[in-house]
Amino acid sequence: MKKTITAIILILIMTAIIVLINQNKSIAPGEEEKNDTVETPKSEEPNPEETANTPVSIHGNLSVKGTNIVDKNGQAIQLKGISTHGLQWFPQYVNKETFEFMRDEWGINVVRLAMYTDPNVGYTKEQHTKVKEGINYATELGLYVIVDWHILSDGNPNTHKAEAIEFFKEITTEYKDNENIIYEICNEPNGNVSWEREIKPYAQDVIKQIREIDTDAIIICGTPTWSQDVDIVAKSPIEGYDNIMYALHFYAATHTDWIRNKAKKAIDSGLPIFVSEFGICDASGNGGIDYNQSEQWINFLNENKISWVMWNLSNKQETSAIINSNCDKVTGWTLDELSNAGKWLIEALKK
Ligand code: IDC
């Protein structure tokens, strides 16, 4: 019995000594104590430093209330940013450093990814991958992102409706849980197409597909005459869904008071408008800048808290491109490397 008690006491004393030695174990300079229970962050997880205080971390899920976009706290928010040029022509600007610079230095909170849908001007299914790259960079950086089904020369949205439905099924399946995604389902219907006959039925079918998978993201619907006739749409908007907005596009040197009046009419009748594309030059994307009209437009948009996205992020030799054509940089531009449109944009973002 006595022996057993002595043995237990000895074991206890030895255990205590081992614990004390371990606690005081010193770590050699430069050597880190290894702790097997701490997991190293997975590389695909966004770096917390990158996502702190980003537009999306602050504002979260967006929705449409009245004619405005509101954030997760119900506060009205205006999205402001830039659209890519056709992704098939200027893919080099879809990268993280480009978006990050524009977010941090200029204060954009949204980018638009313009995927032209006409095979005759370069649409291929491979472009979907480029769109996804863009969505992923925007997501890592906490930026909102507009996925733009950029019909243009294919003026009737029904021409490629089957492809549109397939495309949005693919994108919604992958990104339905994203807080930052916005779908623009037909850039600019044009030609012999009307709201009632062609565009609205197209929109109803594509929206139905999107809502089967993504139940709440904002959807921007194109409007007749290159997305100008919001007043016509206001008389007969799409019913049965939340968070639907309508595109108003203008080029300030071509579209002046008469388009602003259409916009006023639409807002007065409660239609939520999104300026998902505009330029300060003429409608060709080229020609002179009309600074006076541009000023009137930007004031109108800001007064009405209408979100806006400028055309275009490229160095193409045309007035609407924001980077000088002799500059090949895709990030870190100095003021001298920006075109007049680019200089105007960074000032407009400060207002
Ligand atoms: C323009 C580009 C130009 C290109 C042309 C045809 O700036 O480089 O050659 O498209 O693809 C729009 C369209 C937009 C146009 C822009 C300027 O949505 O694709 O880009 N614009 O014409 N609607 C009104 C003007």
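These figures come from a predicted structure and were not determined experimentally.
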Using a distance-only test with no angle check, is there a side-chain donor-acceptor pair under 3.5 angstrom linking [X] and [Y]?
X: Asn292; Y: Gln296; value: yes
X: Asn315; Y: Asn324; value: no
X: Asn286; Y: Ser284; value: no
X: Thr84; Y: Asn312; value: no

TODO: Output, in order, the C-alpha distance, side-chain angles, deciding distance and verdict of side-chain contact (heavy atoms from CB on, under 4.5 Å) for Tyr123 and His160.
DONE: CA-CA 11 Å; Tyr123 168 78; His160 299 299; over 6 Å; no
Task: Residue of the set Phe167, Tyr116, Tyr202, Tyr183 for which ring-ring contact (aromatic ring centres under 6.0 Å, His included) holds with Trp149 - done: Phe167
Whether [X] side chain and [Y] backbone form a donor-acceptor pair below 3.5 Å:
X: Asp229; Y: Asp231; result: no
X: Glu337; Y: Thr334; result: yes
X: Ser339; Y: Ala321; result: yes
X: Ser276; Y: Ala247; result: no
X: Asn180; Y: Leu143; result: yes
X: Trp195; Y: Ser236; result: yes
X: Asp154; Y: Thr159; result: no
X: His255; Y: Tyr251; result: yes
X: Asn136; Y: Gly134; result: no
X: Ser83; Y: Val309; result: no

- [ ] May I ask you to decide if the ring planes of Tyr93 and Phe90 are parallel, tilted or perpendicular, using 30° and 60° as cut-offs?
- [x] tilted
- [ ] Using the six-membered ring wherever Trp is involved, compare the ring planes of Trp106 and Phe101 and label them parallel, tilted or perpendicular (cut-offs 30° and 60°).
- [x] perpendicular
Task: Verdict with reasoning, Ile289 to Thr319, per side-chain contact (heavy atoms from CB on, under 4.5 Å) - done: CA-CA 8 Å; Ile289 292 174; Thr319 316; 3.6 Å; yes
Task: Reported CG-to-CD1 distance for the pair Asn261 and Ile259, which is rounded to 0.5 angstrom - done: 9.5 Å
Task: Straight-line distance of Gln78 CD to Ile306 CD1, nearest 0.5 Å - done: 8.0 Å
TODO: Take Asn156 and Asn158, measure what side-chain hydrogen bond (donor to acceptor under 3.5 Å, both in side chains) needs, and give me the verdict at the end.
DONE: CA-CA 5 Å; Asn156 182 344; Asn158 296 293; 3.0 Å; yes
Is any side-chain heavy atom of [X] less than 4.5 Å from a side-chain heavy atom of [Y]?
X: Ile185; Y: Ile220; result: no
X: Glu100; Y: Thr331; result: no
X: Ile322; Y: Lys343; result: no
X: Glu184; Y: Val147; result: no
X: Ile171; Y: Ile181; result: yes
X: Val111; Y: Ile146; result: no
X: Asn302; Y: Phe300; result: no
X: Ser63; Y: Ile69; result: no

Task: CA sep, side-chain torsions, deciding dist, call: Trp311, Phe278, ring-ring contact (aromatic ring centres under 6.0 Å, His included) - done: CA-CA 6 Å; Trp311 183 261; Phe278 77 95; over 10 Å; no
- [ ] Considering only NZ, NE, NH1 and NH2 on the basic side and carboxylate oxygens on the acidic side, decide whether Glu166 and Lys169 come within less than 4.0 Å.
- [x] no
- [ ] Could you tell me whether Lys72 and Glu179 make a salt bridge, using a distance below 4.0 angstrom between a side-chain N and a carboxylate O?
- [x] no
Hydrophobic cluster membership, [X] vs [Y], 4.5 Å side-chain cutoff:
X: Ile219; Y: Leu79; value: no
X: Leu349; Y: Phe250; value: yes
X: Ile346; Y: Val330; value: yes
X: Val145; Y: Ile182; value: no

TODO: Evaluate side-chain hydrogen bond (donor to acceptor under 3.5 Å, both in side chains) for Asn187 paired with Arg112, printing each intermediate quantity in order.
DONE: CA-CA 11 Å; Asn187 169 48; Arg112 177 187 193 233; 2.9 Å; yes
If you count every heavy atom of other residues, nucleotides or ligands that lies below 6.0 Å from [X] atom [atom1], does the total exceed 12?
X: Gln317; atom1: CD; value: no
X: Lys208; atom1: NZ; value: no
X: Lys265; atom1: NZ; value: no
X: Trp333; atom1: CH2; value: yes
X: Asn192; atom1: CG; value: no

TODO: Begin with the C-alpha distance, continue with both residues' side-chain angles, and end with the deciding distance and a verdict on side-chain hydrogen bond (donor to acceptor under 3.5 Å, both in side chains) for His249 and Glu188.
DONE: CA-CA 8 Å; His249 291 179; Glu188 293 184 354; 2.7 Å; yes
